[in-house]
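First comes the structure, then the notes that go with it.
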Amino acid sequence: MSFLKNIDLKRILFHCIYWISFLLLYLSSKSDNTSTYDFTFIYTWKVIAQATAAYGLIYWIIPQTLDKKKYLLFIVFATSWLYLVFAFLMIFKYYYLEPKFPGFFDDWLGHKMSVPERLTSFKLIFREFSFITYPIIILGFISFNRKQQRFLKLEEEKKSMELKVLKNQLNPHFLFNTLNNLYTLTLKKDDKAPEVIAKLSEILDFVLYRCNEDYVSIEKEIALIENYIALEKLRYSESRLEISFAKDIQESNKISPLIILTFIENSFKHGVINETKKASIKMNLESKKGQIIFSIENTKPQNGITAITTKSKIGLENVRKQLDLLYPKKHQLEIEETQSFYKVKLYLNP
């Protein structure tokens, strides 16, 4: 019973219809003076030969050779298999079909040939190979297309799973940093703490509900960035930090959420926290037809404390992986670092 459950009845029905269609196609070319019974009986065997050649190639030889990139072995096996089917068909014609239907094969190319002559005649081999293989080409194309669709589906599922894992790593990292900011303010009993909580609630709404999507509008991403900047401004005085965020939104594009925020986090972490003088962060975001350009530049502390933490490396590596998954060959990431500044420029082609 378990064997019957594994049978794909739709697929079997499709294959039956496919070969019956070929038989009907041959019947449509039957001349008026030929018996329908004779024609149907003979061409049924020819279709059986074609189907045998097709299934041997598609389900046995190709998976064992071509799919494993054994090209020479594929040519040898495929040619041998087709010749074996051809030989069987010639022998079957000679010993069974021709004696049973003597008038049917009068005009056939190999009618007067003996079995050895038929099996070695290049002209006959070429003609019969052409007859045997053309339904295989069509069926092979259909089979290849189905495999490609399954492969693409699996790749999409794999990509979605990888993105989910990466975002699950990135979101707690981002939230941890924001909660640290809030913790610092509450210890100081700062009056800004309620405002931080309000901004944090907006960020949480974005992270928990909107980050499940692969892409969000550029306006939503800007709102997240501005909330984050507002939180950081509450943490640092104007004498400690100079920050600018220029926007030029000519067209509303879609963008992967949190992609840009990681670079901003790193700028604050390495350009501001350890800076004893006044730090500077400059950001620019352009959204035009078919392209998003984001750049961020921050000064580096001149006190020698510029080490990149493991968490920051994880965040940056996650962004690189997300870019590869979401923007394959459609992004460019440029990182420039000198003794005095750190600059990132990201080009996205949504």
Side-chain angles (χ1 to χ4, degrees), residues 3-4 6-67 70-144 146:
F3 171 74
L4 293 173
N6 293 328
I7 293 174
D8 189 344
L9 293 175
K10 285 185 179 179
R11 195 173 180 185
I12 291 170
L13 182 63
F14 166 77
H15 282 261
C16 290
I17 292 169
Y18 179 81
W19 293 112
I20 290 168
S21 301
F22 269 97
L23 184 59
L24 293 173
L25 181 67
Y26 299 141
L27 280 169
S28 67
S29 64
K30 181 184 74 69
S31 60
D32 295 335
N33 58 349
T34 306
S35 165
T36 302
Y37 171 79
D38 295 356
F39 197 97
T40 305
F41 186 87
I42 292 165
Y43 272 87
T44 297
W45 282 102
K46 289 192 173 188
V47 168
I48 289 170
Q50 288 175 327
T52 303
Y55 294 129
L57 273 172
I58 295 168
Y59 296 106
W60 174 49
I61 294 171
I62 289 176
Q64 295 299 320
T65 57
L66 200 59
D67 289 354
K70 299 176 181 178
Y71 302 116
L72 183 61
L73 206 61
F74 166 73
I75 293 168
V76 173
F77 274 36
T79 307
S80 301
W81 176 246
L82 289 173
Y83 183 81
L84 191 66
V85 174
F86 159 77
F88 168 79
L89 190 59
M90 291 303 99
I91 292 168
F92 187 71
K93 272 184 180 180
Y94 187 84
Y95 288 107
Y96 181 75
L97 293 178
E98 289 177 31
K100 187 174 178 65
F101 308 99
F104 189 88
F105 295 96
D106 286 343
D107 298 328
W108 181 60
L109 176 64
H111 177 56
K112 295 181 180 179
M113 293 181 184
S114 63
V115 171
E117 287 174 330
R118 294 182 186 194
L119 298 180
T120 55
S121 170
F122 178 78
K123 193 178 285 187
L124 189 60
I125 290 170
F126 180 79
R127 179 175 169 175
E128 292 297 322
F129 265 41
S130 301
F131 174 81
I132 291 168
T133 54
Y134 81 86
I136 300 174
I137 295 168
I138 299 169
L139 189 64
F141 177 78
I142 295 168
S143 177
F144 174 77
R146 282 169 61 90

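A quick note: this is a predicted structure, and the numbers were derived from the prediction, not measured.
- Panel note: side chain Trp60, backbone Tyr55; no donor-acceptor pair is recorded below 3.5 Å.
- When side chains are defined from C-beta on, Tyr94 does not count as touching Met113, because their heavy atoms never get closer than 4.5 Å.
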Evaluate the criterion side-chain contact (heavy atoms from CB on, under 4.5 Å) for residue pair Leu82 and Leu57; output intermediate values, then yes/no. CA-CA 9 Å; Leu82 289 173; Leu57 273 172; 4.0 Å; yes
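- The minimum heavy-atom distance linking Trp81 with Ala53 is given by the pair NE1-O, 3.2 Å.
- Between the CE atom in Met90 and the CD1 atom in Ile125 there is a gap of 9.5 Å [rounded to 0.5 Å].
- A cation-pi contact, defined as under 6.0 Å to the ring centre and within 45° of the axis, is absent between Lys46 and Tyr26.
- Atom OG1 in Thr44 sits 10.0 Å away from atom CZ in Phe39 (nearest 0.5 Å).
- Under the 4.5 Å side-chain criterion, counting only non-hydrogen atoms from C-beta, Tyr95 is in contact with Ile91.
- The closest donor-acceptor contact from the side chain of Ser28 to the backbone of Leu25 lies under 3.5 Å.
- Trp19 has its side chain out of reach of Ile48: every pair of non-hydrogen atoms, C-beta onward, lies at least 4.5 Å apart.
- Of all heavy-atom pairs spanning Leu23 and Thr40, the tightest one is CD1-O, 4.3 Å.
- Below 30°, between 30° and 60°, or above 60°: for Tyr43 and Phe104 the angle between ring planes is above 60°, a perpendicular geometry.
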Test log, rule side-chain contact (heavy atoms from CB on, under 4.5 Å), inputs Tyr83 and Leu119: CA-CA 9 Å; Tyr83 183 81; Leu119 298 180; 3.4 Å; yes
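- Taking CZ of Phe74 as the start and CD1 of Ile61 as the end, the distance is 7.5 Å to the nearest 0.5 Å.
- Checked against the 6.0 Å centroid criterion, the rings of Phe129 and Phe126 do not qualify as a close aromatic pair.
- You'll find the side chain of Val76 reaches within 4.5 Å of the side chain of Ser80, heavy atoms only.
- Nearest heavy-atom pair, Pro116 versus Thr120, reported as atom, atom and distance to 0.1 Å: O-OG1, 2.8 Å.
- Under a cut-off of 6.0 angstrom, the local environment of CZ in Phe77 is sparse, with at most 12 non-hydrogen atoms contributed by other residues, nucleotides or ligands.
- Under 4.0 Å is where a charged nitrogen must lie from a carboxylate oxygen, and between Lys93 and Glu128 at least one such pair does.
- The OG1 atom of Thr65 sits 9.5 Å away from atom CD1 of Ile75, with the distance rounded to the nearest 0.5 Å.
- Within the model, atoms OG1 of Thr52 and CD1 of Ile132 stand 9.5 Å from one another, a figure rounded to the nearest 0.5 Å.
- A distance of 7.5 Å separates CZ in Arg127 from CG in Leu124, rounded to the nearest 0.5 Å.
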